[in-house]
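Right, one structure below, let's go through it.
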Amino acid sequence: MTGSYRRLVATLVGGALTVAACGDDGHDLVDQVALTETELPIVPAVESTGVVISVSALDNSFRPQLTEISIGDEVLWENRGQNEHSVLSIVPDDWGTEAEDFQPGGVFSHVFTESGEYPYFCSVHGNETVGMVGTIVVSP
Ligand SMILES: [Cu+2]
């Protein structure tokens, strides 16, 4: 992420250099490059509040089962059980971790950037509707 962003900056600065080099004023060239570097904000792709809320994966339930957070908060799931578990999102199903990456002692985290209800489950000990299930509620 940071690496590709730096490449982008280098590309932009390089472009500014090329354009400025066509002129004959070397002083403007220096000013323009400095301006280009300082005015490009280093903005993370995800706005994070820095708040981390823990959810434990036990044998065999998520505690708490219902977790209420704010936009930009990070939820950190910790496998505090003796068994492997998974954390699989249902709607939308674009985040989570499979059991092979969530062994006892393992962690998984996700930052929620939009408000809504995010149900999830452990496929080892349940399915989308019953068993080891949980919900993250993200308020605006
Ligand atoms: Cu489980």
Side-chain angles (χ1 to χ4, degrees):
M1 179 65 199
T2 304
S4 64
Y5 180 78
R6 284 198 178 127
R7 277 196 295 283
L8 174 63
V9 171
T11 305
L12 291 173
V13 172
L17 275 171
T18 306
V19 172
C22 296
D24 55 4
D25 190 338
H27 185 70
D28 284 351
L29 170 67
V30 172
D31 287 348
Q32 188 171 358
V33 170
L35 191 66
T36 304
E37 286 176 339
T38 55
E39 286 200 342
L40 284 173
I42 305 290
V43 179
V46 167
E47 285 287 343
S48 173
T49 59
V51 174
V52 180
I53 289 114
S54 291
V55 174
S56 293
L58 306 174
D59 305 325
N60 295 313
S61 61
F62 291 108
R63 297 292 169 83
Q65 191 171 43
L66 174 67
T67 303
E68 295 178 293
I69 67 170
S70 300
I71 290 178
D73 289 351
E74 176 180 354
V75 177
L76 177 72
W77 283 266
E78 300 172 274
N79 185 345
R80 297 184 174 279
Q82 303 294 314
N83 304 311
E84 64 178 18
H85 298 284
S86 62
V87 178
L88 302 178
S89 62
I90 298 172
V91 181
D93 62 344
D94 58 355
W95 56 270
T97 179
E98 296 288 347
E100 61 189 25
D101 296 321
F102 196 54
Q103 297 293 310
V107 296
F108 166 74
S109 75
H110 182 72
V111 176
F112 290 84
T113 58
E114 289 181 34
S115 61
E117 246 184 67
Y118 297 85
Y120 63 93
F121 70 107
C122 165
S123 59
V124 183
H125 304 105
N127 57 41
E128 295 186 2
T129 55
V130 70
M132 193 170 168
V133 296
T135 304
I136 305 296
V137 176
V138 184
S139 45

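Start at 1 and go down the list; that is how both ligands and their atoms are numbered.
With a cut-off of 2.8 Å, the Cu ion (ligand 1) has no N, O or S atom of Ser86 in range.
The distance between the ring centers of Phe62 and Phe121 does not fall below 6.0 angstrom.
Proximity of a side-chain donor or acceptor of Ser89 to a complementary backbone N or O of Asp94 within less than 3.5 Å is detected.
Just one of Val55, Val133, Thr135 meets the side chain to side chain contact (heavy atoms under 4.5 Å, CB included) condition when paired with Gln65; it is Val133.
Atom ND1 is the N, O or S atom of His125 at the shortest distance from the Cu ion (ligand 1). Checked against the Cu ion (ligand 1), the N, O or S atom of His85 at the shortest distance is ND1.
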Could you go through the side-chain contact (heavy atoms from CB on, under 4.5 Å) check for Met132 and Val124 one step at a time?
CA-CA 8 Å; Met132 193 170 168; Val124 183; over 6 Å; no

